[in-house]
Amino acid sequence: QVQLVESGGGLVQAGGSLRLSCAAPGRTFSTSTMGWFRQAPGKEREFVAAISWSGGRTYYADSVKGRFTLSRDNAKNTVDLQMNSLKPEDTAVYYCAAKSPGAGVTTPRSYDYWGQGTQVTVSS
């Protein structure tokens with residue numbers, strides 16, 4: 001079972017930035033589509049962003065487009081989510097996930113492996 005480990009969450013004021021990182025110690029995911037999802041209290045888990053195995057294609061939720069940037073470094077086995085211009089509504093637990101290439105990039109149930117999540121809190 002691949003374990004994904006997220007880091008970089010924290011508390012930031014509105015308008016600030018955070019950079020989340022996802023790593024998979026002990027196993028490469030260079031052929032996997034990688035995604036980020038988030039879940040706020042009382043809400044369903046929602047898609048944030050995803051990146052193809054090569055990094056050539058990225059996908060973003062409308063709510064974060066233009067503010068968040070997803071990148072990956074297959075040599076380092078990491079995926080980073082740069083979050084700028086953060087808003088209070090971005091507050092949630094953020095999860096990294098991995099899936100095989102193909103359809104369902106924005107659908108949580110399409111992903112096979114998940115991290116434990118990292119809390120992001122944006123104060124107004």
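This chain uses plain numbering: 1 for the first residue, then up along the sequence.
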Checklist line | Residue among Val64, Ile51, Val48 satisfying side-chain contact (heavy atoms from CB on, under 4.5 Å) with Leu81 | finding: Val48
Next item on the list: Find out if a path of hydrophobic residues (ILVMFWY) with successive side-chain heavy-atom gaps under 4.5 Å connects Trp53 to Leu70.
Entry: no
Note to self: Could you check whether Phe37 and Tyr111 have their ring centres less than 6.0 Å apart?
What the structure shows: yes
Notebook entry, point to check: What distance separates Gln13 CD from Ser123 OG, expressed to the nearest 0.5 Å?
Noted result: 5.0 Å
Note to self: Is there a salt bridge (charged side-chain N to carboxylate O under 4.0 Å, His left out) between Arg72 and Asp80? Walk through the geometry before answering.
What the structure shows: CA-CA 6 Å; Arg72 68 186 298 163; Asp80 291 342; over 6 Å; no
Checklist line | Over all atoms of both residues, closest heavy-atom pair of Ala49 and Tyr60 | finding: CB-CD2, 3.6 Å
Check: Mind checking whether Trp114 and Pro108 have side chains closer than 4.5 Å, heavy atoms only?
Finding: yes
Margin query: Does Arg38 qualify as a cation-pi partner of Tyr95, given the criterion of NZ or CZ under 6.0 Å from the six-membered ring centre and within 45 degrees of its axis?
Written below: no
Next item on the list: Calculate, to the nearest 0.5 Å, the distance between atoms OG1 and CE belonging to Thr78 and Met34 respectively.
Entry: 9.5 Å
Item checked: Heavy-atom side-chain proximity of Val93 to Thr118 below 4.5 angstrom -> no
Next item on the list: Measure the CZ-OG1 distance between Arg45 and Thr107 for me, rounded to the nearest 0.5 Å.
Entry: 13.5 Å
Notebook entry, point to check: Does the side chain of Asp112 come within less than 4.5 Å of Ser100's, by heavy atoms?
Noted result: yes
Checklist line | Heavy-atom check, side chain of Asn77 versus side chain of Phe29, under 4.5 Å | finding: yes
Note to self: Any side-chain to backbone donor/acceptor pair from Lys99 onto Gly102? Under 3.5 Å, distance only.
What the structure shows: yes
Notebook entry, point to check: Would you say the side chain of Tyr94 lies within less than 4.5 Å of the side chain of Gln39, judging by non-hydrogen atoms?
Noted result: no
Next item on the list: Please report the shortest heavy-atom distance between Ala98 and Ser32, naming the atom on each side.
Entry: CB-CB, 4.3 Å
Check: Is any side-chain N of the basic residue among Lys65 and Asp62 closer than 4.0 Å to the acidic one's carboxylate O?
Finding: yes
Next item on the list: Just do the side chain to side chain contact (heavy atoms under 4.5 Å, CB included) check on Phe47 and Tyr59 with the steps written out, would you?
Entry: CA-CA 10 Å; Phe47 170 75; Tyr59 311 81; 3.9 Å; yes
Next item on the list: Search all heavy atoms of Leu4 against all heavy atoms of Cys22 and return the closest pair with its distance.
Entry: CB-SG, 4.0 Å
Notebook entry, point to check: Measuring from Leu86:CG to Leu18:CG, what's the distance to the nearest 0.5 Å?
Noted result: 5.5 Å
Item checked: Expected output: side-chain Arg67 to main-chain Ser63 donor-acceptor under 3.5 Å -> yes
Margin query: Using every non-hydrogen atom in the two residues, find where Pro25 and Val5 come nearest and quote the distance to one decimal.
Written below: CD-CG2, 4.0 Å
Note to self: Can you tell me if Arg57 has over 12 outside heavy atoms packed within less than 6.0 Å of its CZ?
What the structure shows: no
Margin query: Is the shortest side-chain heavy-atom distance between Met83 and Ser17 below 4.5 Å?
Written below: no
Item checked: Interatomic spacing from NZ in Lys76 to OG in Ser21 - rounded to 0.5 Å -> 9.5 Å
Notebook entry, point to check: If we only count heavy atoms from C-beta on, is the Thr121 to Val12 side-chain gap below 4.5 Å?
Noted result: no
Check: Can you name the closest pair of heavy atoms from Ala14 and Pro88 and give their distance?
Finding: CB-CD, 4.1 Å
Margin query: Restricting to non-hydrogen atoms, name the atom on Val105 and the atom on Ala50 that form the minimum distance, rounded to 0.1 Å.
Written below: CG1-CB, 3.2 Å
Next item on the list: First locate atom CG of Asp90, then atom OG of Ser85, and finally report the distance between them rounded to the nearest 0.5 Å.
Entry: 9.5 Å
Margin query: We want to know whether Glu89 and Thr91 form a side-chain donor-acceptor pair, criterion being a heavy-atom distance below 3.5 angstrom.
Written below: no
